[in-house]
Structures are given as C-alpha cells and as structure tokens.
Number of protein chains: 4
Amino acid sequence: MRIGVLTSGGDCPGLNAVIRGAVLKGTKIHNQEFVGIRDGWKGVVEGLTMPLDRHSVRGLSKQGGTILGTSRTNPFEGPHGGPENVQATLDRIGVDALIAIGGEGTLAAAKRLTDAGLKIVGVPKTIDNDLDATDYSFGFDTAVEIATEAIDRLRTTGESHKRCMVVEVMGRHVGWIALHAGMAAGAHAILVPERPQSMDQIVQWVQSVADRGRAPVVVVSEGFTLDTMETPHSEKGLDAFNRPRLGGIADVLAPEIEARTGIESRGTVLGHLQRGGVPSAYDRVLATRLGMAAIDSVMEGEWGTMLALNGTDIVNVPFEHALGGLKTVPQHRYDEAAILFG
Amino acid sequence: MRIGVLTSGGDCPGLNAVIRGAVLKGTKIHNQEFVGIRDGWKGVVEGLTMPLDRHSVRGLSKQGGTILGTSRTNPFEGPHGGPENVQATLDRIGVDALIAIGGEGTLAAAKRLTDAGLKIVGVPKTIDNDLDATDYSFGFDTAVEIATEAIDRLRTTGESHKRCMVVEVMGRHVGWIALHAGMAAGAHAILVPERPQSMDQIVQWVQSVADRGRAPVVVVSEGFTLDTMETPHSEKGLDAFNRPRLGGIADVLAPEIEARTGIESRGTVLGHLQRGGVPSAYDRVLATRLGMAAIDSVMEGEWGTMLALNGTDIVNVPFEHALGGLKTVPQHRYDEAAILFG
Amino acid sequence: MRIGVLTSGGDCPGLNAVIRGAVLKGTKIHNQEFVGIRDGWKGVVEGLTMPLDRHSVRGLSKQGGTILGTSRTNPFEGPHGGPENVQATLDRIGVDALIAIGGEGTLAAAKRLTDAGLKIVGVPKTIDNDLDATDYSFGFDTAVEIATEAIDRLRTTGESHKRCMVVEVMGRHVGWIALHAGMAAGAHAILVPERPQSMDQIVQWVQSVADRGRAPVVVVSEGFTLDTMETPHSEKGLDAFNRPRLGGIADVLAPEIEARTGIESRGTVLGHLQRGGVPSAYDRVLATRLGMAAIDSVMEGEWGTMLALNGTDIVNVPFEHALGGLKTVPQHRYDEAAILFG
Amino acid sequence: MRIGVLTSGGDCPGLNAVIRGAVLKGTKIHNQEFVGIRDGWKGVVEGLTMPLDRHSVRGLSKQGGTILGTSRTNPFEGPHGGPENVQATLDRIGVDALIAIGGEGTLAAAKRLTDAGLKIVGVPKTIDNDLDATDYSFGFDTAVEIATEAIDRLRTTGESHKRCMVVEVMGRHVGWIALHAGMAAGAHAILVPERPQSMDQIVQWVQSVADRGRAPVVVVSEGFTLDTMETPHSEKGLDAFNRPRLGGIADVLAPEIEARTGIESRGTVLGHLQRGGVPSAYDRVLATRLGMAAIDSVMEGEWGTMLALNGTDIVNVPFEHALGGLKTVPQHRYDEAAILFG
C-alpha cells in the first residue's frame, strides 16, 4: 500500500512526532510506502505531495510544527472538492489510504469522506484539549508547560511592583489550558469560556489577594466572556470587551481591573508562543504512539476511526465519538481549581 | 481536626505541590488545622513537627524537593516504633490523622499502622512510576522531561564526533523513565531492567546505526542487567558489570561498546538531576489534585486508602492495591518502543 | 556602618543577586550591617525598611524580581523629598550610606543627592542595555535569552502555516534586545528605534523571504517608529501606528504587513515576560560581582560613583558617565545584523 | 575565492553559528564561494569536503554540534600531513583559503601552516574559556548555563535529604565553568584546577554549611587535584583520587566527604551534557559575529590571525596571542567567589 499522511488546521507541537511514528512503524514493521500530502486537505484536493520515507522523518520527534505544512481548506469546497474528486486525485497520485491528523473540522470532513467510501484513519489534534473522545491530545501538555513557565516569570515581576498580572492563554471555546496552567502556577483567578464571571467577582478575587500584600495573578482564556447579568461600573471598560480590538482580552481586562481597584495591572497575551517549538516529552511519547497506532489501524482497514488516549492505552474509536460536542471543563474541575482563588 | 502531613523516601518533584493542595483545601474549604511532620516517619516516631499553615505553603507548587524533609526511617523499628508508640506520639503532638506521602515502603508501613487502628490516608510517590494502582505518579513526568532534554543535548555532540552516547536514567527495578525518555528523544536502543539483553544485541543495534552514518544513542535504566545466557566476548568488560563500582552502568557499558565496535563511546549518568528542581506543569497539576483529594479522604475517614490517577480522575483505592507488585513495562510497550531501535 | 540598599525603577532579573552579593561580602568580609529600604526612593523618603541580614539573602541569586520592592518615586518630589529631608530620614532610620540600584533616573537622583553631601554608591540597572558607562548591564542577557527562545518557538508555527511572525520585544529608546535576539534567532528583519524604516522596506524584506519559500520572522522593538518620509500605501494601517492603542506595535505591524503582501501575519508582544523569572547564569554572575564591588566602594567611600562592567572587569565610574546619553545601537552593529535580513 | 571552513577538536555549542555567520556574510556581501571541510584537519589532509552554500546554513544558529563534523587529527602527522601536502590537497579540492575553527591545538597547527605560507584565518573555540587572547569564547556561556540549571536542580534534592551534593563540571586545566556556575548557583565550595585544596579545607566548608542546617553544594572542575601537602585521614579515599577510575572526580569526592563528615553525599558528573544542544542566545550572537568577522579577515588577507572578543568588540589578533599560555582563573576572581563559601 501507499499511504498518504496529511496535517490540517492550526499547528501543534507533536505533529511531526505523529508523522514519524506512523512512517517508522509503517516502513520497518509493515513494509508500506508513504507519501506526504502538503498543506492539509488543500494537498488532497490539488494533489500536492512530497516524499515521506524513513530518512525524511529522522530527528523529527523534537521538531515543532509540521514538515507537511497545513491549511484550513475544506475538501468539500471548490471545483475539485467532494468525495469523487478527492478519490480521483488520490488515485492519480497513487495514494491507497490516508492518515488525516487534524481537529474537529478535519475529522468531520474525514467522516463524510469515509462515509462515501474513502479509506481514511484519523489522529485527533487539538491544542485546546477540547475533543471528547480522548483523555488528552498531543500539544496540550506543551502549551500548558509554556503557559506555566510564562506565569512563573510574570509572577516575580508582579510581586516586585505589587502589580496585578493578567495572562491570556489559548482556549477559544474551552478553558483547559487556563485551568491547568493556572493550577500549576498558582493563579488567584482562572477565567474560562465555560464560566462567565462578573467584573465584580474578578475584582473581589484580585482585591483580596492585594489585601494580603501579594501580587494578584489572573489567567484568562482567549474565549472568556463577562457575565452579562452584572451591573456595569465602568461603561468604557465593558465596551472595550465587545469592540473589535487589536491585542487580546488581557489587554482589555488589565486596564479595567486597574480602573476599578487602583492596583497597577498589566496584560500579557501569550498567543502563538504556546503552539510553537519543541514538544514536551509527554507530547512526543503520546504523538509517537498515536502515529504508530494509526498505521496499525490502516493495516487493519479500520476506516472511519481515529486513535485516542484512554488512561495509558491508545484505543480506536469511531470518528463520531469525537464529533458529538466539545469537551468542556466540568464543574468539579473548575471548583477544584477555584480553591486556589482569591 | 489537626492533620499531620509527612513525606517519606526519596524526594521527587511535586511533593511540595501535594502538601500545598492538601493544606489549601483543608484550611479554606474544610477549616482544618495542619502540622508538618519532619523527615518522614522519623518525625512521627520522634515527634518532630513544624508549622504548616496557609502562609507556609505559599508559592510551593513550583518548588522542588519537600519543605518537610524526608528520611528512610521505618516506623516499626527502634524503641519508639510500632503502632502503640506511634499513636502515643501522635497524641502527644496533637495529631488526629495523618497524610503520608511516600512510596511502596511508606504505604506498606501505613497499611500496617491503619490495620492497627491508626488514621492514615496515603498519597503514592514514585519517580520511577512503578506503582500498579495509579496510571502515573507525580515526579515521573518531570524526570522524563529532564532526561529527554539531556538526551537531546547529548545527541548533537554525539553526531559531531560520530560517537555512541550511552545515557543512564533512573529506574532500579522498572524501565519507565528509560522507555518514555528514549521514545521521546529517539533513542536507538532502550535497555530496561525488565528486558535483559545480550551485549551482542546491543552491539548490533549500535552498529546498524553507525552503518547508516548516524551517531547511536543508547538509553539505559540504572537497574538494567545483561542477559547472562550470552557467550561473553570480552571477559574484562562483563566483569565490570558485576563488580562494585564508582559511577553507573553507563560508565561500564560505554567502554564495552567501544571495545566491541571500535566506535568511540561516552557514558553519562544523569542521576540525581532527574529528581531535583522545578516540577513540570503536568506534575504540579497532578500533585495538587492528589493533595486536595487526600484531605477529602481524611474528612470522609477513608483510612487505609490512597489516592490514584485513573484516566483523568483522581480515585480512592485501598493501600493493598499499590502493594501487590511492581508496575513493570509490559511487552507491548517495549515492542512499541523497539520499533525505533537500530 | 549600617548600609541601606534600595532597588528603583522597573524590575529586572538579577536585582536580588546584586543585593545578595553586597550583603554577603559586607557581612562576611567587612563586618557591616545592612538594612533593606523598601520600594525604591519611596522607602527613603518615607523611611520604610525591612531586615536585610545574611539569612534573608539565602538562595536569592536565582530568584527573579526584587525582595525589596520597587517604585518610580523621585526623591526630590513631595513634602519629604530633597537632600535635607532624605538625610534626616536616613539619620532617623540609622542608615549611614546607601547602595542605590536603578536606571538612569535613579542614578541622576543619586548624583544630585551625593552632590548635596549624601553617601551613595550606585549600581546601574537597565534591562534595555541603554547605559553608556557599562559594557552590559544585568537583566539584559536574560531578556535576550527569553526573547530568543520565544522567537525559536514562533518560527516553527510560522513555517507550518507559511505565516509572517512579528515579535515585539522590549526597547523603548534603544534596540539592543531586538538586535541580539534577532541575530540569535535568525530574524529576517530587525526593527529598532534608532533606525526608522519604511513599510516599503519592511515589505520587501518579508516578501523576499516568502519568495524563497520560507516563513518571515520580524523582530521589532516596542519603540520602533516608521520612517515618515515614505509614501503611505495604506493610510488606515499607518494611522494605527500613531493612534493610542491596546496591544503593542506588533499588533499593528502584523495586519499592515498582511494587508500589503497578502501573507498571513501574526503579532506577538512578549512584554513583561522578558523581565520576570529566573535570571540567566550570566546575569547572576554579573549581578553578584556588581553587588560585591558596590560594598567595596562603600567601604572606600567612593560616593557618587557606580559600578560598571568593562570587558571582564568590574570598575568604578562617576555617576555622570552614565548620564551623558543613551547607549544606542551603532551603525556597524546594525549593519552586521542586517546581513541576515531578507 | 573559494573558502574552506573546518571545525576541529571537541565540539561546542555555537560552532554552527560561526559557520552560518561566515557563509552568509561571505555569500551575500563578498560574493564568495564556500566549501565545507569534513572532520577537522582530517578533511584537509584527506580532501574530504561537503557543499556549504547559503541554503545549507539555514536555521543553523540554534543547532548544537557542528554540521562539518570534527576530529582530533593533527595536519602535520601521517603521510599526507605537513604544509606542502596540505597545500597540494587544498589546490586539488579548489580551496583558496581556510577558516579554521578550533582550540589551542588547532590554532597552533594553523600558525605553523600559515608560517609556511598557507592562507588561514582562525576562530578560537574552547568551551573551557581557557584562551588568553579573548574575553570569552563561544560555548562557555551555554556550558555555564547548563551547569547552573543542573546545580539549581540538585540543590533541592540535597535540601530535602540534607545531603551534600558534589557536582563535577568541565574544566581539565582551568576552573572557569566551575567558578561561574558555582557563583551563579550559590555553591558552598568551588574546587578548581588552579587552586588545589586539602580534604580538611573541603570538609570544613561542608561541615559549616551543615552546621547551619543547610545542604552543602560543592562544585568541582574535572581537573581539580587535592593539595598533596595535607596529612591524609583516609588513605583509602585519597588513593581513589589517583587511581584510574570509571566515573569522575565527583564520584570519588562524594564518598570521601561522607566518610569524613558522616553527611550523606552524592556525586553527579555532568560531562558531555555541557557541550551539547541548543546554544544560549549569548553564544549564538558571539559565534555569529565571529563568523562574520572571519570572512572579513579572509577578504583582507589577514592570514595567521584569529578573531577575538574584546569588551563588546570583535578584534583581530595574531595566532601567537592565543598560544602563550592558558587563561587561568586569577586569584582575585577566586577570592571573590570564595566569599560565598562555607
């Protein structure tokens, strides 16, 4: 067989380790050939390939990003999209089966394609850890580690100036990175999309920390929103939350906290820092194992399934398990973290 | 209630985060008082305490080691040992219940004491990840990360000189650190206590890497032993494995590889580096959660149980679950890693 | 003698190491006593002190921030300011001489106070490396290291998505951090306050990198300004440079580059990340040596002087040497870095 | 011109950055061609080359080791050695001038070859910082940083167990790495080749730290020797210093300290860890500048000279300046560090 591998959606530390795991097991154990599909589904639609042999994955486990490139193309759009066209392209470039590494959009597309008869196995990728079917996904641990180290650093400068430091981490729809990094670094408030909070509550946490003579640290997910039931004190500040803006929510939240408490406050937006660079050892191991299991699934013809972490085991689950809804931070995990607040 | 906390056995990144988690939840949610027991069971036997309030755990999650100190004292030995004496001492220092953070020896002692009526809850600690009752234990992730970064570094100097680099990691009885760090860093051979190998096999892996023009990297657990069935080539070298020695097994293995292959080889023993310093974010979160769950168990009077990680949940299990035997690297996990060898 | 120590202005990795160096040498070699002045000149004016003995500096060399706190108070302002009042306060709190650790403002104030007869020795502090009298100042190396690691990370995500990554580093008036971090990380353009550039020039650098199939990396000092002589293409974009804004200049520059080139661009503002946390070994050694030399200067009564790095030596220079003007990036150093551009 | 570049002797973080600096400036500014000489002088003698164009140095500044390979071959030995043979080989492979990056041996060989008329410019390389002609050499800062982080880690485990931690760092003939890492990490004793100490002195430092309730940290250069004037307490221990041994001097010193003080002691040999991996930003900048200056020297025909750091400037000095003798730790620098001892 000649197996195509693609990476799709936002990049994530560990993508290259998945590719390496699949190629090494596929070539050394199963004697299969591989071809790299470039730039995600765009490469499938347009037939863009690159060589992907054992030599080309050498030293990849520690390399951030993806050597295959990525895009947000949807394989159902455009004149060359849709199952028939895609199958025709795969035939033309000599690809018998696909390993698709991507997030919810990628897995949803892969499901529709396998439903139409294409041979695809998936590997879930979400730096936000928002897929329900797997305990953790690779990239998340690295993002949490980077965010935690950043908060550790920001805390010392906060303490020196008695400032409130507001740190924005990734998480458009779920707050897992904020939850873990905040717990790890000892944040005094963790603001996640799943739990809107009022400015009054935030101010109370911040003020109680300052009252104990310490410098408050607030960790906020990029997708956090204010609880709209509150009575606004400062219209100007709250407006800023809803306006299109340069910078992130931390850039709005910090001045608002300062305006309400009189405590000097500074925002930092970690942004793309969290998705680049050398993956943590945890992510490298997880990603390597997922890649190896993916080629096993290909060999067994488990089309329409993806690999997932269940405890310490890599298991095979149907695509639909990952597509049922976001894995949000449950109440008991938020309550657990909230013990550290204030 | 007044709850004593002790840490026992070899130290491990995350001990302080467990202590912090227990004290913060215990004081803020359950309104309990804490007292630190110094130097493990020694402190119980001799009644050595230190204050342990909310203020004293400030900033602890990122701090390596244990503020309580540790020792390898057995609470059943000596004139003041045994259940009656220990209970008398706890009464004297006003301790109503104990949270004991330690490895197999500690948990075994805690079991015997709870069998005799003492009120103890355990938190498992093993940097080697060798306890069966928990998916992972805190400290392991940090150790793997440190070892992985070290192997990353050693690889570049190996490549420059075309040398074989032999890296010794912790693991007296089990090879989990070697397995994970070796997979993460792309080792060409991983030698673990559970799988004795012959020098012939090791040399074959090393040689095949060198034949491809690359610099071989061998990761070895401190507890690895040679397969004794092999016919020795170099008596001198094999002797060295069995003699008492300064340095570690890497210091023996490297010259033996060099003698047999002619490839310049260098050993590095990571040793205590792996157990010190700032814990990884993963370990801080796990340890904090274990500490919080431990105080819940105390409040519920779950004496004779310990906390464990099961998937993403912290669960309560009887001590005996942790005492049944070492959690060794299973065959399928070793085979998975072995795909990278040679 | 009883010697007061203060830290003033923005914090900086290494402040605590200076304090430790002064206190350890002062107590162990010179048998002097120390007292900590809290929150910079504010503590001098208001007589705020804290104990500062050998025990209180234990383990400080690796700790970011300043245990003394800091502020931007000017000792000549307010009802208790000015030389006579300050001297009176120092007499009252029993301080015979001062070690003032701070930037240009602090050193200027210290100069005026020593001109009026007060006994002050200075230690220059500038994370931006903008003081002329010293080869390097502590904190700069750490900031460059943090920025370099961040750019390394951002590069991999840029390459995966073929995006232009714009990274904003500290440097309000001088571009040293941008220059060093950009050279270290291999930036394709380095934009510094000393060298305004036109959008056309920036776009040309970015485009030529993209044309070679690579992802452009632009490093920009917070104080960079556009060359106003250029003919603006996109008024909207250029307006944004001059308007008050949330976020940093990278948040403006990235969309402007994207608008002009069609290359997806992302801005990241490192901000306070660069001034917090564990100092690099380089900064710890430099800061420790400066602290030790400062107490020597006190013992020798070298009032009105500060310590500076000259090659590998710590030397004593008059305050005015540091006050003559900013140390800007010279043309030949910028040209050297520019070899890497485009 | 066609310029050959070689790296010789032990590898060192920054070698690749020197190569990159020379090639980028040489191709972009001076329009010269480059060829890589493989494995140091061995490649010159045997005519082993590899392509070295702008594309091949992409991303090299952060990569440890040397892409050219290295060896300890002496170009004056063997049937093809000596100036005439080397010149003939260079003619054959079309090399007009050489940039030789290496330590004292390399520079000495380069001097003899230039004395005989060959066109060679040198770049000094010594991770130990033992060359007199330059303030610092690249690789040293990275080694100090790695050693400092390791000591930070070891300290926490030492404190938990009240153990004495003995850390061996590089430095066969000079103690610069020990001096800087020891100062940075707050060691209680720093043992360097330049200052033999008696066991009695070492034991006194260790004991006084333990008496204060702290865990002693001893940093020792691999080339440290005992002061032979002392009266030995433990013949067995001192013998061990002089016997050939597996492991390092820390493996001997730790048990000897334990035997004499009764304080549990553990040795760690950092070894090759210090020379591998990603260079620090400091070393990347220094190495890049040295590489750029080297190609300038080639263009100006400054044969027989090498590049050196003088304050913040890169300057050109004759080879003989680097060959006069080792740059040892001067008394005043050791005394400065010794303030932290005990």
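Every chain is numbered from 1 and lettered A, B, ... according to where its sequence line falls, protein lines coming before strand lines. Everything numeric in this text was worked out from a predicted model, so none of it was measured.
Counting heavy-atom pairs under 4.5 Å between each of C/Ile151, C/Val269, C/Val278 and chain A puts C/Val278 at the top. When each of C/Gly158, C/Ser160, C/Pro13 is checked for heavy-atom pairs under 4.5 Å with chain A, C/Ser160 comes out on top.
The structure places CZ of A/Arg275 at 5.5 Å from NE2 of C/His161, a figure rounded to the nearest 0.5 Å. In this structure, the separation between CZ on A/Arg72 and CD on C/Glu264 is 7.5 Å, given to the nearest 0.5 Å. The CZ atom of A/Arg153 lies 10.5 Å from the CD atom of C/Gln274; values are rounded to the nearest 0.5 Å.
By the 4.5 Å heavy-atom criterion applied to side chains, A/Leu270 and C/Leu273 are counted as neighbours. Between C/Asp11 and A/Arg163, every side-chain heavy-atom pair lies at or beyond the 4.5 Å cut-off.
Remark: the backbone N or O of C/Thr268 is not paired with any side-chain donor or acceptor of A/His272 at under 3.5 angstrom. Counting only distance, with no hydrogens or angles, the side chain of C/Thr156 and the backbone of A/Gly276 share no donor-acceptor pair below 3.5 Å.
Only the side chain of A/Ile146 comes within less than 4.5 Å of a heavy atom of chain C; its backbone N, CA, C and O stay farther away.
Around the CZ atom of A/Arg212, the shell of radius 6.0 Å holds more than 12 heavy atoms that belong to other residues, nucleotides or ligands.
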